[in-house]
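Quick note on labels: first sequence line is chain A, next is B, and so on, each numbered from 1. As a basis for the values below, the full set of heavy atoms in this structure was taken, side chains included, without hydrogen atoms, waters or symmetry mates. The structure displayed is predicted, hence computed values, not measured ones.
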Protein chains: 2
Amino acid sequence: MKNSTTQATLNMWKQALGELVRRQGPDLSSRQMAILLIVYLEEPPHTVRGLAARLKISKPAVTRALDTMGKLDLLRRKPDEKDLRSVNIVRTVKGSVYLSEIADVIEKAAWENLG
Amino acid sequence: MKNSTTQATLNMWKQALGELVRRQGPDLSSRQMAILLIVYLEEPPHTVRGLAARLKISKPAVTRALDTMGKLDLLRRKPDEKDLRSVNIVRTVKGSVYLSEIADVIEKAAWENLG
DNA sequence: GATAAATGTTTCGATTGCGAAATAAGTTTG
DNA sequence: CAAACTTATTTCGCAATCGAAACATTTATC
């Protein structure tokens, strides 16, 4: 088929994704998850406009993702005090815990497949 | 924050997911992607019932995912000749190509983060 | 200080997805 | 062969999401 690295890579992804689906935790889309990861792994500040540009998606799409993940308390909107038009997206405890769990799942899959 | 392996793992996931979102290819959900990967990486035959059990999701959810990915020609239904109640899910050329591309993206992200 | 630009949200109409229950079609059991 | 079971799909009502355009608010420009 393909080379063995490719095979192992896809197996890793399959295993991690499969486990995440089976867990039936909050069912985030790829977009939502990508936003969440950027907010938690990259330097603040994070704005709607910035995230939209970063992922090449529309601003309303970001707004909706923030609504959904905000309800789940995975992140939070914090009005920017310098520029009242702008909103900063910040982390929450619950979001940190959630990402730690995700990391465990992926890490295990990576370990088993990529050695 | 957390240990550096966890950090690297999440960075890898972030990078891969970010790239997949930016590509604006077919926007598959986690469920759909998980199904696709199982079909391509595990031994046939694959049935609706089997996939549902494997991922702990409902059969209608699998049917819908197959509808969507079938329209995209990422996989195909093939009636089982031994048991006419059953349907086998089989691979397509387009699906193989698509997964190869996905693998490239993930592989690159893994290489850059997990060394 | 009026006008233009920037930021984020809301509205619009449409599509897609969900679980649960009902259904259609085929097979097994007694 | 009839009843029970199995497999997959369809239906139902509902919730989430989409892009595009319109909107409200705030800031920058002239």
Discussion item. So, does A/R77 get its side chain near the phosphate of C/dG8, meaning an N or O under 4.0 Å from OP1 or OP2?
Written reply: no

Item to complete: Round to the nearest Å and state the distance from B/D80 atom CG to C/dT27 atom P.
Response: 9 Å

Worksheet item: A/R49 side chain: which of C/dT10, D/dG19, C/dT7 is closest?
Response: C/dT7

Worksheet item: Rounding to a whole Å, what distance do you find between B/N88:CG and D/dT7:C1'?
Response: 12 Å

Worksheet entry | Nearest to side-chain heavy atoms of A/L84, which nucleotide of C/dG17, D/dG19, D/dT26 | D/dT26

Worksheet item: When all nucleic acid strands are considered with a 4.0 Å heavy-atom cut-off, which category describes A/A61: base, sugar-phosphate, or nothing?
Response: sugar-phosphate

Worksheet item: Counting heavy atoms not belonging to B/Q24, are there more than 12 under 6.0 Å from its CD?
Response: yes

Worksheet item: D/dT26, C/dA20, D/dA21: which one has an atom nearest the side-chain heavy atoms of A/P60?
Response: D/dA21

Discussion item. As a test of reading the structure: which of D/dG19, C/dT7, D/dA8 is closest to the side chain of A/S86, going by heavy atoms?
Written reply: C/dT7

Discussion item. Nearest whole Å is fine: how far is C/dT16 P from A/D27 CG?
Written reply: 18 Å

Worksheet item: In whole Å, what is the span from the NZ atom of B/K71 to the P atom of C/dT15?
Response: 10 Å

Discussion item. Can you tell me which nucleotide in D/dT6, C/dA21, C/dT9 comes closest to the side chain of B/R85?
Written reply: D/dT6

Worksheet item: What's the CG-C1' distance between A/L72 and D/dA16, to the nearest Å?
Response: 12 Å

Worksheet, complete the sentence: note: A/K59, atom NZ; D/dA20, atom C1'; distance rounded to Å ~ 12 Å

Worksheet item: Quick one: A/R64 CZ to C/dT16 C1', roughly how many Å, whole number?
Response: 13 Å

Item to complete: Have a look at B/D83 and say if it touches a base, only the backbone sugar-phosphate, or nothing, with a 4.0 Å heavy-atom cut-off.
Response: sugar-phosphate

Fill in: Closest nucleotide among D/dT9, C/dT9, D/dT17 to the A/T68 side chain
D/dT17

Practice prompt. Give, for atom CD of B/E19 and atom CD of B/E101, the distance between the pair rounded to the nearest 0.5 Å.
Written response: 11.0 Å

Worksheet item: Is there a side-chain polar atom (N or O) of A/Q32 under 4.0 Å from OP1 or OP2 of D/dA16?
Response: no

Item to complete: Using a heavy-atom cut-off of under 4.0 Å over every strand shown, decide if A/K82 touches base, sugar-phosphate, or nothing.
Response: sugar-phosphate

Discussion item. Can you tell me which nucleotide in C/dT7, C/dT10, C/dG17 comes closest to the side chain of A/T63?
Written reply: C/dT10

